[in-house]
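Following: one structure in structure tokens, then a few remarks.
Letters go in sequence order (proteins before strands), and every chain restarts at 1.
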There are 2 protein chains.
Amino acid sequence: MNIGEAAAAAGVTAKTIRYYESIGLLRPPPRSTGGYRLYSPEDVHTLRFAGRARDLGFSIDEIGNLLALWRDKRRASADVKRIAIGHIVELEGKIAALQAMVATLRHLARTCHGDGRPDCPILTSLAEPADAGSAHCHPPKRAGRRKKA
Amino acid sequence: MNIGEAAAAAGVTAKTIRYYESIGLLRPPPRSTGGYRLYSPEDVHTLRFAGRARDLGFSIDEIGNLLALWRDKRRASADVKRIAIGHIVELEGKIAALQAMVATLRHLARTCHGDGRPDCPILTSLAEPADAGSAHCHPPKRAGRRKKA
DNA sequence: CCTTGACCTTCCCACGGGGGAAGGCTTCAC
DNA sequence: GTGAAGCCTTCCCCCGTGGGAAGGTCAAGG
């Protein structure tokens, strides 16, 4: 089948498939005489695997590792589980960072009149020096974003 | 003061300042005879404002809006609050998406032996057709990542 | 047989939010 | 006067795609 059909069957876009192939995540499929990529039903399985792993937030590298384990019939399930657990930890870190932002924003929004007057603690707090604006709130910023933080 | 000093005072990197200037988020400062950017204490306030807004997860566009409101002394605090509330909603959507992923992963990890045997429900579930693998779990995937979702 | 339209190909640009390096100026302290 | 920072610009890199242009292929209908 052509790339469009395979993409629809796997729940990803043709664009994504070409991208995954270009970065070496997927092996290049055979081509028709006209140069079209030709996919087998097994390929569709692999594509769906990759797409669903992405939906679960795995990075390209992690998906590559999972794909290798998937292809290896003698894998140990412990290896798979370790990757999954590690990913859970990573996701929870992001969740915590986002929740800290929400908490800070909620606090700021609560103290803002929200009417026609110009004075707004959200704005003044954002411009406050150093950590004065966030110290009374929740330190953990974005996960690993700031180098000097 | 030069860019490095201003960056240190505002808690951002010189690189970030140049980047923000290049995309039009910040106005170009005056230059010395040697071409160095010269920043005033007010500029440092603005820089800190932008950096802290980014730490709270605001997008470049949103920071631009907030900066415009910040400069406008006759703004209505309701406008600021609306942006903040909108951002909270957005962040909560991301949190929910991440939590759904974690829940699914937890479920999969729980059913995986995690020993030397090769059979692993994590892998088989990822390759299952359609929504069979996630239907018994939590639908909301990443916020706005998949177009055809 | 030929056209049409859907599909495919490669290539480049964009996003956010910068990191890092190359190669050249300035500026400051000694 | 001179050496070491620090700054300048410019370029290319990362993730994970999405969008679109310019052009080739394929299947079906007239």
- Might you work through the side-chain hydrogen bond (donor to acceptor under 3.5 Å, both in side chains) test for B:Ser77 and A:Asp115, ending with a clear yes or no? CA-CA 6 Å; B:Ser77 63; A:Asp115 54 17; 3.3 Å; yes

- Given side-chain hydrogen bond (donor to acceptor under 3.5 Å, both in side chains), test B:Ser40 with B:Asp43 step by step and report yes or no. CA-CA 5 Å; B:Ser40 69; B:Asp43 290 334; 3.2 Å; yes

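Remark: P of C:dT27 and CE of B:Met1 are 17 Å apart, rounded to the nearest angstrom. Atom OH in A:Tyr39 sits about 16 Å away from atom P in C:dC7, given to the nearest Å. Rounded to whole angstrom, the span from the CG atom of A:Asn2 across to the P atom of D:dT25 amounts to 14 Å. Atoms CD (A:Glu5) and C1' (D:dC26) sit 14 Å apart, rounded to a whole Å. The nearest whole Å value for the distance from the CZ atom in A:Arg18 to the P atom in C:dC7 is 13 Å. Rounded to whole Å, atom P of C:dC8 lies 14 Å from atom CD of A:Glu21. Atom OH of A:Tyr20 and atom C1' of D:dC15 are 11 Å apart (whole Å). Distance CG (A:Leu56) to P (D:dG16): 14 Å, rounded to an integer number of Å.
Judged by distance alone, with hydrogens and angles left aside, A:Tyr36 brings no side-chain donor or acceptor close enough to the base of D:dC26 to form a pair under 3.5 Å. Residue-to-nucleotide contacts include no donor-acceptor pair under 3.5 Å from the side chain of B:Lys15 to the base of C:dG17. Put simply, the side chain of A:Tyr19 and the base of D:dG18 share no donor and acceptor less than 3.5 Å apart.
Residue A:Arg37 is in sugar-phosphate contact alone, with no base atom involved, counting any heavy-atom pair closer than 4.0 Å across all strands shown. Note on A:Ile3: only backbone sugar-phosphate atoms sit closer than 4.0 angstrom, heavy atoms only; bases stay farther off.
Heavy-atom distances under 4.0 Å link DNA chain D to B:Arg31 of residues 26-34 of chain B, given in residue order.
Looking at B:Leu26 and B:Leu67, their side chains come closer than 4.5 Å, going by heavy atoms from C-beta outward. The side-chain heavy atoms of B:Glu21 and B:Leu25, taken from C-beta on, include no pair separated by under 4.5 Å.
For A:Thr16 and D:dG18, the shortest distance from a side-chain N or O to OP1 or OP2 is below 4.0 Å.
Distance alone, capped at 3.5 Å, is enough to place a donor-acceptor pair between the A:Thr111 side chain and the A:Leu108 backbone.
Under the rule for a ring pair (Phe, Tyr, Trp, His ring centres under 6.0 Å), the partners of A:Phe49 that lie at least two apart in sequence or sit in another chain are A:Trp70.
Comparing B:Leu38 and A:Ile23 by the nucleotide of DNA chain D whose heavy atom lies nearest to each, the residue mapping closer to the 5' end is B:Leu38.
Residue A:Val12 is not grouped with residue A:Leu38 when hydrophobic side chains (ILVMFWY) are merged at heavy-atom distances under 4.5 angstrom, including chains of intermediate members.
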